[in-house]
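First up is the structure itself, then whatever we jot down about it.
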Amino acid sequence: TGCKLVGCGSAVPSLRVSNNDLAKIVDTNDEWISVRTGIRHRRVLSGKENLTDLAIEAAWKALEMADVPPEDVDLILMCSSTGDDRFGSAPVIQKALGCKRNPLAFDITAACSGFLLGLFSASCYIKAGGFKNVLVIGADAVSRFIDWTDRGSCILFGDAAGAVLVQACDIGEDGLFGFDLHSDGDGKRHLISTFKENETDDASHENHSVTSFPPKCSSYSYLQMNGKEIFKFAVRVVPQSIEAALEKAGLDGSNNFDWLLLHQANQRIIDGIATRLEVPSERVISNLANYGNTSAASIPLALDEAVRDGKVQPGHVIAAAGFGAGLTWASAIFRW
Ligand code: ACO
């Protein structure tokens, strides 16, 4: 069995926040943000909107494009690190879409690499498990874990959802054909949002005993990031990873694919990786000026825009890579 992408969709919150809006709450300015990151606007969840609604909208659009009814979906993978419910949102999406046969639906947590790990999982479920139509959704609301007084991180992120439908097909039509997947827990300290002991408790590990029972309801810390280390990590590992994925796909060399589609973290990171791979800017997909870094949503969001704009045409080959917290990084070569 082979598998191929047959539909895509995306959704963003209605609130649009400009660099000038951020300059009203932290000591920054439009020029600094634009020059250092390429970002001009981002969308932020507010009011009654929630992340699951964005994910459902993106999934509907992907099903519509593919002309596949929700009852034919047999697996939903929700790739997210910031979901509405820490026990997962995929079953809620399954219910909202009206997938009547109660297909399997669960969440995958791998930050900005989440969507590509979801894509790989979809191909494995189809090729080894007999699944036929798998929705892979990347959706994140990093705004929920941002310290809006930290100018080093609050300028970077936005909220969004993107989705693709991956479908079983004859092996001759296989459109998902090269993956390279990695993690390095050693670098975890560079990007974290960890579970925080309640501050009124004695949080030292030596004294963490039954005397602190019952535990108080605690929460997660704000996102803490060493931007320079993440920058260096991405520019170092991603070109090697894409080359490895191209080799596995039998497509070595930068001229054997049409588009380079990277996780949208920072335009300087995208440019640095493209330069190392010798891919000219005309073949690089970028939409982070409008959305910032949307974590697991960034790759399917940029893909969806490029497909609907007519840039990415049927038959085009895309080299994609995600990278971020964990640390994790993942590359995939696929045909649209
Ligand atoms: N506005 C104005 N000045 C600022 C701002 C700001 N928003 N932020 C930092 N500065 C200042 C700093 O204080 C510093 O001042 P100093 O020289 O007086 O000390 C100066 O600007 C330079 O700061 P740097 O941190 O060295 O700037 P750098 O060029 O490294 O850019 C940035 C910072 C944009 C964060 C960059 O490192 C980056 O994009 N890193 C990657 C981050 C990333 O992609 N993270 C997400 C990964 S994906 C995931 O898994 C969620």
Side-chain angles (χ1 to χ4, degrees), residues 17-42 51 79-83 108-118 138-160 162 181-185 187-194 220-238 241 261-273 286 288-289 291-302 320-331:
V17 177
S18 69
N19 292 345
N20 286 330
D21 293 330
L22 290 178
K24 291 177 194 149
I25 60 168
V26 286
D27 181 13
T28 189
N29 57 74
D30 178 45
E31 195 198 345
W32 193 97
I33 302 173
S34 307
V35 170
R36 298 277 179 141
T37 72
I39 299 164
R40 294 185 177 273
H41 296 95
R42 69 286 292 142
L51 190 64
C79 311
S80 181
S81 304
T82 56
I108 293 177
T109 298
C112 306
S113 306
F115 175 76
L116 290 186
L117 295 179
D140 262 314
V142 181
S143 69
R144 291 172 167 169
F145 297 99
I146 288 290
D147 175 357
W148 290 97
T149 66
D150 173 16
R151 68 177 182 173
S153 61
C154 77
I155 55 151
L156 294 173
F157 296 94
D159 305 335
L181 314 165
H182 299 276
S183 304
D184 176 13
K188 173 181 161 52
R189 65 189 182 283
H190 298 313
L191 186 45
I192 54 170
S193 171
T194 48
Y220 289 82
S221 68
Y222 288 133
L223 175 147
Q224 292 165 278
M225 181 184 72
N226 183 336
K228 271 198 193 318
E229 288 300 327
I230 298 288
F231 196 112
K232 283 191 285 184
F233 145 75
V235 176
R236 187 180 76 248
V237 301
V238 173
S241 175
L261 171 51
L262 301 173
H263 166 51
Q264 308 281 299
N266 181 321
Q267 191 60 43
R268 283 158 57 219
I269 294 179
I270 295 175
D271 294 345
I273 294 168
S286 171
L288 96 167
Y291 303 108
N293 177 346
T294 58
S295 189
S298 89
I299 292 174
L301 174 65
F323 50 87
L327 300 171
T328 52
W329 61 105
S331 299

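When reading the values below, keep in mind they use all heavy atoms of this one structure, side chains included, and skip hydrogens, waters and symmetry mates. What you see is a predicted model; the values in this text were computed from it and never measured. Remember, it's 1-based here, ligands and their atoms both numbered in the order they're listed.
- Considering backbone and side-chain N/O atoms, Phe323 never comes within less than 3.5 Å of an N/O atom of ligand 1.
- Using a non-hydrogen distance threshold of 4.0 Å, Ile33 does not register as a contact of ligand 1.
- Of the heavy atoms in Val142, none comes closer than 4.0 Å to ligand 1.
- What you find for Ala321 and Val238 is that their closest heavy atoms are CB-CG1, 3.6 Å.
- Not a single protein heavy atom sits closer than 4.0 Å to atom 16 (P) of ligand 1.
- Looking at every heavy atom in both residues, Leu288 comes nearest to Ala265 through CD1-C, 3.6 Å.
- The closest protein non-hydrogen atom to atom 44 (O) of ligand 1 is Ala265 CB, 3.3 Å.
- Considering both main-chain and side-chain atoms, Asn266 comes within under 3.5 Å of ligand 1 through a nitrogen or oxygen pair.
- The closest side-chain heavy-atom distance from Leu327 to Ile230 is below 4.5 Å.
- Inside a 4.0 Å radius of atom 10 (N) of ligand 1 there is at least one protein heavy atom.
- When the heavy-atom distances from atom 1 (N) of ligand 1 to Thr28, Leu223, Leu156, Leu191 are ranked, the shortest goes to Thr28.
- A heavy-atom distance below 4.5 Å is not found between the side chains of Tyr222 and Asp150.
- Atom CG of residue Asp30 and atom CZ of residue Arg40 lie 5.5 Å apart, to the nearest 0.5 angstrom.
- The shortest N/O to N/O separation between Ala325 and ligand 1 falls below 3.5 Å.
- Within the 4.0 Å cut-off (strictly below), a protein heavy atom is located near atom 26 (O) of ligand 1.
- Between Met225 and Phe157 the shortest heavy-atom distance is SD-CZ, 4.5 Å.
- With respect to atom 45 (N) of ligand 1, the closest heavy atom belonging to the protein is Met225 SD, 3.1 Å.
- At under 3.5 Å, not a single nitrogen or oxygen of Thr37, backbone or side chain, sits near a nitrogen or oxygen of ligand 1.
- At least one N/O-N/O distance between Lys228 and ligand 1 falls below 3.5 Å.
- Closest non-hydrogen pair, Thr328 versus Ser113, comes out as OG1-OG, 2.9 Å.
- For atom 42 (C) of ligand 1, a protein heavy-atom neighbour is found at a distance under 4.0 Å.
- In the candidate list Gly324, Ser81, Cys112, Cys112 is nearest to atom 49 (C) of ligand 1, counting heavy atoms.
- For Asn293, every heavy-atom contact with ligand 1 shorter than 4.0 Å involves the side chain, none the backbone.
- Distance check, rounded to the nearest 0.5 Å: CD1 of Ile108 to CG of Leu117 gives 7.0 Å.
- The nearest heavy-atom contact from the protein to atom 35 (C) of ligand 1 is Gly152 O, 3.8 Å.
- Remark: atom 39 (O) of ligand 1 lies closer than 4.0 Å to at least one protein heavy atom.
- To the nearest 0.5 angstrom, Asn29 atom CG is 8.5 Å from Asn19 atom CG.
- Nearest approach of Ser81 to Ala111, heavy atoms of both residues: OG-N, 2.9 Å.
- Residues Asn293 and Cys112 approach most closely at OD1-SG, 4.2 Å, considering heavy atoms.
- Taking every heavy atom of Gly227 and a limit of under 4.0 angstrom, the matching atoms of ligand 1 come to 37 (O), 40 (N), 41 (C).
- Arg151 contributes no side-chain N or O that, together with a main-chain N or O of Val26, makes up a donor-acceptor pair within less than 3.5 Å.
- Selection from Lys232, His263, Arg151, His190 by nearest heavy atom to atom 7 (N) of ligand 1 gives Arg151.
- Close contacts between ligand 1 and Ile155 involve ligand atoms 7 (N) [criterion: under 4.0 Å to a heavy atom].
- Among protein heavy atoms, the minimum distance from atom 33 (C) of ligand 1 is reached at Trp32 CH2, 4.0 Å.
- Side-chain contact between Asp184 and Trp329 is present, with heavy atoms from C-beta onward closer than 4.5 Å.
- Close approach of ligand 1 to Arg36 (heavy-atom distance below 4.0 Å) involves ligand atoms 22 (C), 27 (O), 28 (P), 29 (O).
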